[in-house]
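Only one structure is covered here, and it is reproduced in the block below.
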Amino acid sequence: MNSNNLPIGIFDSGIGGLTVLKEIINRLPSERTIYLGDTARVPYGSRSPETVTRYSFENSRFLFSRGIKLLVIACNTASSVSLERVRRSVSVPVIGVIQPGARAAAAATRNKKVGVIGTDATVRTNAYSSAIRSIDSSIEVFSLACPLFVPLVEEGWTEGAVAELTAETYLRDIRREGIDTLVLGCTHYPLLKGVLSKIMGPGVRLIDSAIETAATIRAALEEQSLLRDVQGDGTGESNREFYVTDSPEKFIDVGERFLGSSISFIKKIELESEV
Ligand code: DGL
């Protein structure tokens, strides 16, 4: 098959990467996509870099076995700890979520004070902070892990008193730093945008890595002449395949709300372990 017509492969630790898929669909509606949510092993954010790297290789290997033209590591944690190693091991372009988010934050800040929120693992690697400061070393970066946001979102509790109180408690200190830009450095956090902007106030710009990443994917496909070549009805749900490593029911239930469209082709799979 002409590689232009191959799908884009996307993986995440679970449901959160659907925020990235949604933006890919918005910008590239004709592209075919294969999404893998490693729902049996979520969360990645509390695991060691070695474990997350092993999972990333297993996820990538599965997507390659389906035939893809570009790989997206939609998970911030996996992008932070394993992007370079995965990139070195494959022959297709690999795009993560850190660089696009960092570029957007560096461009957005006026007072050069940027906050980054993410999982424990993402914050520990300093991946966002290094990426932002390598663009502009005068920017001060304040990073904060907000691990409870992931289970809240997985549960579908993206608004209401529990979400607000959790956000208020986490963000109190970072708000005091006077940041004007906040990077949502985790796949799940765009789903809490309403709550986060309420807590941070109108003076703080929220950077959604998912939107920035989709723009980067489009640019990479254009640059490498890999855009899908479709005539007629190339769009629609038949272009989207979903795979999960645990039972699909909850993924469908919460996922359809995130995605704003139905998830019709979905299959539970067993990933082959590396050893
Ligand atoms: N996908 C992860 C991330 O973006 C969040 C969920 C997890 O901890 O696995 O960092």
Side-chain angles (χ1 to χ4, degrees), residues 9-24 35-60 63 71-83 86 94-102 104-105 115-131 143-158 163 166-167 170 182-193 196 206-214 216 242-246 250-251 254-255 258-259 271:
I10 302 140
F11 79 80
D12 178 48
S13 54
I15 213 154
L18 293 176
T19 53
V20 179
L21 177 62
K22 186 174 180 182
E23 297 305 331
I24 295 174
Y35 181 96
L36 168 62
D38 191 8
T39 47
R41 302 190 292 196
V42 68
Y44 284 9
S46 51
R47 301 188 194 279
S48 68
E50 296 72 32
T51 301
V52 174
T53 301
R54 178 161 55 82
Y55 292 173
S56 294
F57 273 98
E58 290 169 5
N59 295 336
S60 308
L63 290 170
L71 175 68
V72 180
I73 305 186
C75 177
N76 289 254
T77 304
S79 292
S80 303
V81 305
S82 62
L83 178 83
V86 172
V94 181
I95 291 179
V97 286
I98 308 293
Q99 279 296 336
V116 175
I117 52 175
T119 65
D120 273 324
T122 299
V123 167
R124 252 184 281 122
T125 61
N126 267 322
Y128 270 109
S129 176
S130 314
S143 304
L144 178 74
C146 304
L148 287 178
F149 285 165
V150 167
L152 272 180
V153 170
E154 292 275 328
E155 205 50 48
W157 291 13
T158 51
T166 310
Y170 275 137
L182 180 67
V183 180
L184 311 184
C186 173
T187 46
H188 292 55
Y189 299 179
L191 296 154
L192 291 165
K193 253 185 207 167
L196 296 173
L206 302 184
I207 301 293
D208 182 339
S209 290
I211 293 179
E212 308 303 333
T213 301
T216 303
F242 296 86
Y243 296 89
V244 283
T245 52
D246 203 347
K250 187 154 173 209
F251 184 91
V254 182
F258 288 1
L259 211 50
L271 289 170

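Only heavy atoms go into these numbers, but all of them, side chains included; no hydrogens, no water, no symmetry mates. In listed order, ligands and their atoms are each counted from 1.
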By the definition side-chain hydrogen bond (donor to acceptor under 3.5 Å, both in side chains), identify the one residue from Ser79, Ser209, Ser80 that meets it with Tyr128. Ser209
Which label fits Tyr35 and Phe242: parallel for a plane angle under 30°, tilted from 30 to 60°, or perpendicular past 60°? tilted
Taking Thr39 for the side chain and Asp246 for the main chain, is one N or O donor matched with an acceptor at less than 3.5 Å? yes
Tyr55 vs Tyr44 aromatic rings, parallel, tilted or perpendicular, using cut-offs 30° and 60°? tilted
For ligand 1, give me the residues whose heavy-atom distance to it is below 4.0 Å, by chain and number please. Asp12, Ser13, Val42, Pro43, Tyr44, Gly45, Cys75, Asn76, Thr77, Thr119, Val150, Cys186, Thr187, His188
Given Thr122, Asp12, Thr125, Thr187, the one that forms side-chain hydrogen bond (donor to acceptor under 3.5 Å, both in side chains) with Thr77: Thr122
Asp38 and Thr245: side chain donor to acceptor below 3.5 Å: yes
